[in-house]
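Notes for the one structure printed next.
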Amino acid sequence: MRRLGSVQRKMPCVFVTEVKDEPSAKREHQPFKVLATETVSHKALDADIYSAIPTEKVDGTCCYVTTYKDQPYLWARLDRKPNKKADKRFKNFLHSKENSKEFLWNVEEDFKPVPECWIPAKEIEQLNGNPVPDENGHIPGWVPVEKNNKQYCWHSSVVNYEFEIALVLKHHPDDPGLLEISAVPLSDLLEQTLELIGTNINGNPYGLGNKKQPLHLLVPHGAFQIRNLPTLKHSDLLSWFEGCEEGKIEGIVWHCHDGCLIKVHRHHLGLCWPIPDTYINSKPVIINMNLNKYDYAFDDTKCLFSHFSKINNQKFGRLKDIIFDV
């Protein structure tokens, strides 16, 4: 599986952005919109955006695979956020006229507690041995997904730690027009970030599963490369999103050669998301789940591995057509 950039922190927009005093279509109760101008950002230019690899931005929640308890583990995104007192002080600073000075954080006192197993995300700036908060006042980080943790039950449904495997959606290796759901060794995913998508994630924009039988899958970041992207102009991208079948996606992430990730979201261009017919649901999908050697371990009727093993080698017209008999 080809490895591209790892999503460890907030990605900048490919264009310079501006704030409009209009209600956000992306975030409820947000009284403003962040829209892209026609100017390509300096960060994008410095990262050599014109030679970067464009990929589909998949709408889910970010995950990370790294070692925990001496074995490969799935980790969930958990940003460390400031407590009420520090958050109020930070917001007052942002709205003051003297914000040309740098805001000073006290990491030990200003932030809410996190579990002992929490780790900060890679690549974030460090100062005196402490991670430096980003421009939103958050410290991006990760917590391991324990098997019986109800808070991360949907994360847990896509991994089996006994056999160290994960349920992954990607292109079929021999047919780029076909998607494949397979059990991938967690060791093959070490130090990669992935997107968890499905029934109970972000309003389920891809229409996967249902309340009776939830369906969740992991998509490695960079898995869906975009082949026919137009030139990097605001108007051309807007037309591509609106009129091209391949443009029926949440956004684009460019993977630059220096490891930098640059994005554009449909909302940056004033377009709606989610949309009724997504590009990911325009392709057929095949189940490649030969789990004979694990069968005895998957006797739970609600286990996704068990369900997929029963429909191994079946082909579906769309992802949203996968409904299990329960």
Side-chain angles (χ1 to χ4, degrees), residues 2 4-5 7 10-18 20 24-27 33-41 43-45 47-62 169-172 175-180 194-198 201-208 217 219-256 260-285 316-321:
R2 185 176 182 183
L4 293 178
V7 180
K10 187 176 176 65
M11 292 181 284
C13 182
V14 69
F15 296 109
V16 174
T17 57
E18 60 183 7
K20 296 279 189 180
S24 172
K26 183 179 181 182
R27 293 184 175 89
K33 289 181 178 179
V34 179
L35 296 174
T37 66
E38 296 185 2
T39 305
V40 178
S41 72
K43 285 185 179 180
L45 293 172
D48 194 14
I49 188 71
Y50 292 104
S51 63
I53 299 172
T55 68
E56 176 178 348
K57 184 181 187 300
V58 178
D59 188 2
T61 184
C62 195
L169 172 70
K170 59 185 186 303
H171 283 299
H172 190 279
D175 183 354
L178 180 65
L179 299 178
E180 177 187 77
L194 310 96
E195 202 76 5
L196 177 69
I197 63 172
I201 305 296
N202 279 6
N204 193 17
Y206 306 112
L208 304 186
L217 300 164
V219 181
H221 286 140
F224 301 146
Q225 292 189 27
I226 298 171
R227 305 295 178 184
N228 301 301
L229 197 65
T231 55
L232 189 52
K233 292 182 179 178
H234 188 287
S235 58
D236 289 346
L237 286 176
L238 183 62
S239 298
W240 182 81
F241 274 115
E242 287 187 306
C244 180
E245 182 72 19
E246 201 175 5
K248 294 180 178 180
I249 59 177
E250 184 197 18
I252 303 165
V253 176
W254 284 268
H255 293 251
C256 303
C260 184
L261 301 179
I262 308 289
K263 73 176 180 182
V264 69
H265 192 288
R266 292 177 70 95
H267 286 128
H268 285 132
L269 304 175
L271 300 175
C272 292
W273 179 264
I275 56 177
D277 298 309
T278 57
Y279 183 57
I280 204 171
N281 265 308
S282 69
K283 295 185 176 184
V285 57
F316 296 85
R318 300 174 302 172
L319 269 175
K320 62 171 61 177
D321 293 335

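This structure is a prediction, so every number in the text was calculated from the model and none was measured.
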Validation row: [X], [Y] side chains within 4.5 angstrom (heavy atoms):
X      : Y      : result
Leu179 : Phe224 : yes
Val40  : Tyr50  : yes
Gln225 : Thr55  : yes
Ser282 : Lys248 : no
Asn228 : Glu246 : yes
Tyr206 : Leu319 : no
Phe15  : Glu38  : no
Leu169 : Ile197 : yes

From [atom1] ([X]) to [atom2] ([Y]), nearest 0.5 Å:
X      : Y      : atom1 : atom2 : value
Asp48  : Cys260 : CG    : SG    : 11.0 Å
Ile280 : Leu208 : CD1   : CG    : 7.5 Å
Lys283 : His172 : NZ    : NE2   : 13.0 Å
Ile249 : Asp59  : CD1   : CG    : 11.5 Å
Leu261 : Cys256 : CG    : SG    : 7.0 Å
Leu269 : Leu237 : CG    : CG    : 6.5 Å

*asked:* Walk me through whether Phe241 and Ile275 qualify under side-chain contact (heavy atoms from CB on, under 4.5 Å).
replied: CA-CA 11 Å; Phe241 274 115; Ile275 56 177; over 6 Å; no
*Side-chain donor-acceptor pair under 3.5 Å between His268 and Thr17, yes or no?*
no
At their closest point, which heavy atom of [X] faces which heavy atom of [Y], and how far apart are they?
X      : Y      : answer
Pro54  : Ala52  : CD-O, 3.4 Å
Pro205 : Trp273 : CB-CZ2, 4.0 Å
Asp321 : Phe316 : O-CD2, 3.9 Å
Thr37  : His234 : O-CD2, 3.2 Å
Cys13  : Val264 : SG-CG2, 4.3 Å

Counting N and O atoms only, with roles assigned by atom type, does the side chain of [X] sit under 3.5 Å from a partner on the main chain of [Y], one being a donor and the other an acceptor?
X      : Y      : value
Thr61  : Leu196 : no
Arg266 : Cys272 : yes
Tyr279 : Cys244 : no
Asn281 : Thr278 : no
His255 : Ile53  : no

_Worked check of side-chain contact (heavy atoms from CB on, under 4.5 Å) between His221 and Val253_ = CA-CA 9 Å; His221 286 140; Val253 176; over 6 Å; no
*asked:* Does atom NZ (Lys43) have a neighbourhood of more than 12 heavy atoms from anything else shown, all under 6.0 Å?
replied: no
